[in-house]
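Contents: one structure, followed by commentary.
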Number of protein chains: 2
Amino acid sequence: MPKMSDVARLAGVSTATVSRVLRNPDAVKTGTKEKVLEAIHQLNYQPNMLARHFRRTETKTILVLVPNIINTVFAEIVGGIEEQASKNGYRVLLRNTARKLEREYGSIEHLKQRQVDGMIMLSPQLDEATLNEISSQFPIVLATANLETPKIPFVSIDNVSSSYKATEHLIRLGHKKVGHITGPMDSLLSRHRNEGYRKALGDYGLDIDEQLVRRGHFSYESGFEQMMDMLGQNHVPTAVFAPSDEMAIGIINAAKEHQLRVPEDLAVVGFDNIRFASMFNPSLTTIAQPLFKMGQRSMELLLKKLNGESISQTEHLLPDELIIRDSCGARKKGKLLHN
Amino acid sequence: MPKMSDVARLAGVSTATVSRVLRNPDAVKTGTKEKVLEAIHQLNYQPNMLARHFRRTETKTILVLVPNIINTVFAEIVGGIEEQASKNGYRVLLRNTARKLEREYGSIEHLKQRQVDGMIMLSPQLDEATLNEISSQFPIVLATANLETPKIPFVSIDNVSSSYKATEHLIRLGHKKVGHITGPMDSLLSRHRNEGYRKALGDYGLDIDEQLVRRGHFSYESGFEQMMDMLGQNHVPTAVFAPSDEMAIGIINAAKEHQLRVPEDLAVVGFDNIRFASMFNPSLTTIAQPLFKMGQRSMELLLKKLNGESISQTEHLLPDELIIRDSCGARKKGKLLHN
DNA sequence: TCCAACAATGTAATCGATTACATTTAGTGT
DNA sequence: ACACTAAATGTAATCGATTACATTGTTGGA
C-alpha cells in the first residue's frame, strides 16, 4: 500500500506538495499538480484515511441513534439521513438503543472520544437538560422529537395540529363519540397528539369522555388490547383516533373481533402512513409524515452545524398531510364526502 | 482532553505502562496498575480512538451494505447484526445501495482504504467472481444470499426446501392448480424459490402450468398487478405461492378486487413472516425466516474472520418454518386440517 | 537591472497511542 | 550469597498525513 511519501518521491516533490494537491489544489502550479496526479495514478495511491482522520481530528462519520431499527418509521428516517449523508461525504454509524436510556448515555462517550463528528437522535428519551448539555459540546440534531424549550435543532411535524386535523376530520363526518388510544405519556410526542385530539373536541363543543381515552404505546398489541377492552364495556365510541398506524390496525382488528364493521360501525384514523396503510383492509386514513424528508432535513441541519454555519431556527416542522382512505368512512365508492 | 502522557506523568510511570494497563493488564504489577487506574480516573482520561485506530490499522467498525433499509426484512437482519456487533465492541456503518451496482463497487474502496475492518453484504448483486475476489482480500460475509459455488461464508435459509414446503402444503390441501408469482429471475434466491415450487408440483405428479407462473419482483405492486392480470384470464389458479409477504398481500387484494374470497376461492402462502403477516386479514400463512438470527449469525461469522479463526463451513443455512395462519385455508375455526 | 511582494515549494514538527527493544527489578535454585 | 532467569518497566521509534514556518522562485514596477 503506497503512501504519500512514495508519491512524493516518484513525482520528485515533497509530501507537503502532494498533500496540497489533494486538499488544496489551487495552491499548486499546474505543472507540478500534473506530475503529482500522474504519480498518484501510477502507484494507485489511496490516502490512508485513518491517518488523515487522526491528524485532522475528524471522522466524516455521524452517529444515528435509533430506538428500534425494525420499526419502519425509523428505518425510513434513517434512509433519508443516509442518503443526504453519503451525498456529502459522510458515513452513517447506526446504533440501536432498544429504548434503553443507558445506551443513549453511552453514545455520548462516542462523541467525547471523537469517534464521530456529530449525532442525530431519533426520538431520544433523555431529558431536555441532558440533551442541552450534550448539544452545547457537540453537534447534534434531533428527529421526530419536539422540545418544550427548544434550544437544539430538531425536525418534526406539528403533532398537535396534525392530530387536531385527524380528530376534526372524524368530527366533521358526524361523530360525537370519538375515542383515542394514546402513546406512552412520558413522551412529549404522545402528549402533543393527545393535546391535538382534545383541542379538536373542545373546539367543536364536544365533551371529552375519559372512558373513551385509553393509554397504549404505539404498538399493534396495545391498540388491539385497549380496543378489545373498550368494546367490552357498554360505553363505546363510533370513531377512534390512533397515534400510529400499527395501533389503528390493532383497533380495527379488535373491532372485527367484536363483529363491528369498519368504517360503518367504527371509523378509524391512524398516524404515520406506513407502507401497509394502503394495503390494509380497509385502507387506512392516516396522517402522513414526510419521514424520508425528515431524515434528509436532519442531516442537512447537522451538516450546517458541522460546517460551523449558524442555524437560525431550532424548530423545523415539516408539513404533514391527512390521507383519506377507507377506514374513516369519508370515501364511499371512491367518492369523498367532504374535505 | 488529557492524553496518555498526562496519565503517565500523574501516575509516575511511562506511557508504555499506561498503554499496557489498558490493553494488556496482566503484564503490569497490581500496585502499578492501581496507580495508573487512579490517575486515569482522576483525569477522566479517555483514549483517543482515532490515534489508536491509526496506529493499529483497525477501526472496530464493520460495513453493512443494504439494498434498501426501508424494507423490514433487511432492517431486521441489520438489527441482528448491530446487536451482535455492539456486544463485541464493533460499530456498524450502514450503507444503502439502493440496488445500484456501482454502490456495491464503491464499498470495496472503503475496505481498501481500511476504513472498516470487514463487511456484511445483504443480498449482493455483484457476480460471484467479483465477490470471491473481494473475499480473498478482505473479511466479508454474505447474508440472505446463496451462492452457486460457495467459497465465501454466507447465511441464508434453504430457499428450495422452504418453497417446496410451502407449495407442498397447498397441494396437500387438495389444490391442483397452484400458481406462483416469482421474484426477479436474475436473483438466485428467486430462482431457488421457483425451483422449490416446481419440484413440489413435480413430486406430487402435477404438471406445471406456465400460464399460472408469472414474473414479479417481490413488491406489493408486482403481486397485485400480476394477479389482477392472471385473474383476468379464464384460466385461474385455486392457490398461489408468493415469494414474499408483500406480494402475497398484493395477490390477496387483487383476489378481493375480483370478488374472490381468500382462502375459500384462492389460497395464498407468502414468505418472510413480516410483522404485518399476522395483522393482515386474512392473516398470512407464510415461511418464517429467522431474520434477526441470520443477522446475528452473519456477524458471528465475520467476527471469526476478523479474529483470524478459520470457518469450516461456508454455507450456513438456518432453519425456516412454515407458519400456518388463515390465508391458506388449512385452519378452520382455529382448527388445523393437516400438518 | 534590481528589489519588493507574492507565489510555490520544501523542511520538519506534530497528532497520541502502540510496541520493539533496552534496561531495571524481583525471584529462584544451589 | 551469587548467578541466572523471568517479570516489570522504560525509552524511543513508529504509524502517515497535515501544516506552521522556512526557503526558494517568479513577477512587475521603478
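All heavy atoms count here, side chains included; hydrogens, waters and symmetry mates do not. Every chain is numbered from 1 and lettered A, B, ... according to where its sequence line falls, protein lines coming before strand lines.
- Proximity of residues 24-50 of chain B to DNA chain C (heavy atom under 4.0 angstrom from any strand atom) is restricted to B:Y45, B:P47, B:N48.
- Counting non-hydrogen atoms under 4.0 angstrom, A:R23 reaches the backbone sugars and phosphates but no base.
- For the residue pair A:E109/A:Q113, the side-chain donor-acceptor check at 3.5 Å is not satisfied.
- Counting only N and O atoms by type, the side chains of A:N96 and A:N68 include no donor and acceptor under 3.5 Å apart.
- Of the N and O atoms on the side chains of B:Q115 and B:T59, not one donor lies less than 3.5 Å from an acceptor on the other residue.
- With B:T61 contributing its side chain and B:R91 its backbone, the two residues share no donor-acceptor pair below 3.5 Å.
- Using a 4.0 Å heavy-atom cutoff across all strands shown, A:S19 reaches at least one base atom of the nucleic acid.
- A:V13 comes within 4.0 angstrom of the backbone, heavy atoms only, and of no base.
- Contact annotation for A:R55: base contact, defined as any heavy-atom pair under 4.0 Å involving a base atom.
- Between the side chains of A:Q296 and A:E300, no donor N or O sits under 3.5 Å from an acceptor N or O.
- Extent of DNA chain C lying under 4.0 Å from chain B heavy atoms, first and last nucleotide in 5' to 3' order, is C:dG16 to C:dT19.
- Looking at B:R297 and B:Q84, their side chains never bring a donor and an acceptor atom within 3.5 Å of each other.
- Inspection of the A:D127 and A:T130 side chains reveals an N or O donor paired with an N or O acceptor under 3.5 Å.
- Sequence order on DNA chain D of the closest nucleotides to A:P2 and B:G12 puts B:G12 first from the 5' end.
- Side-chain contact check for A:T57 and A:R114: no donor-acceptor pair (N or O, by modelled atom type) lies under 3.5 Å.
- When heavy atoms are screened at a 4.0 angstrom cut-off, A:T57 is found touching no nucleic acid atom at all.
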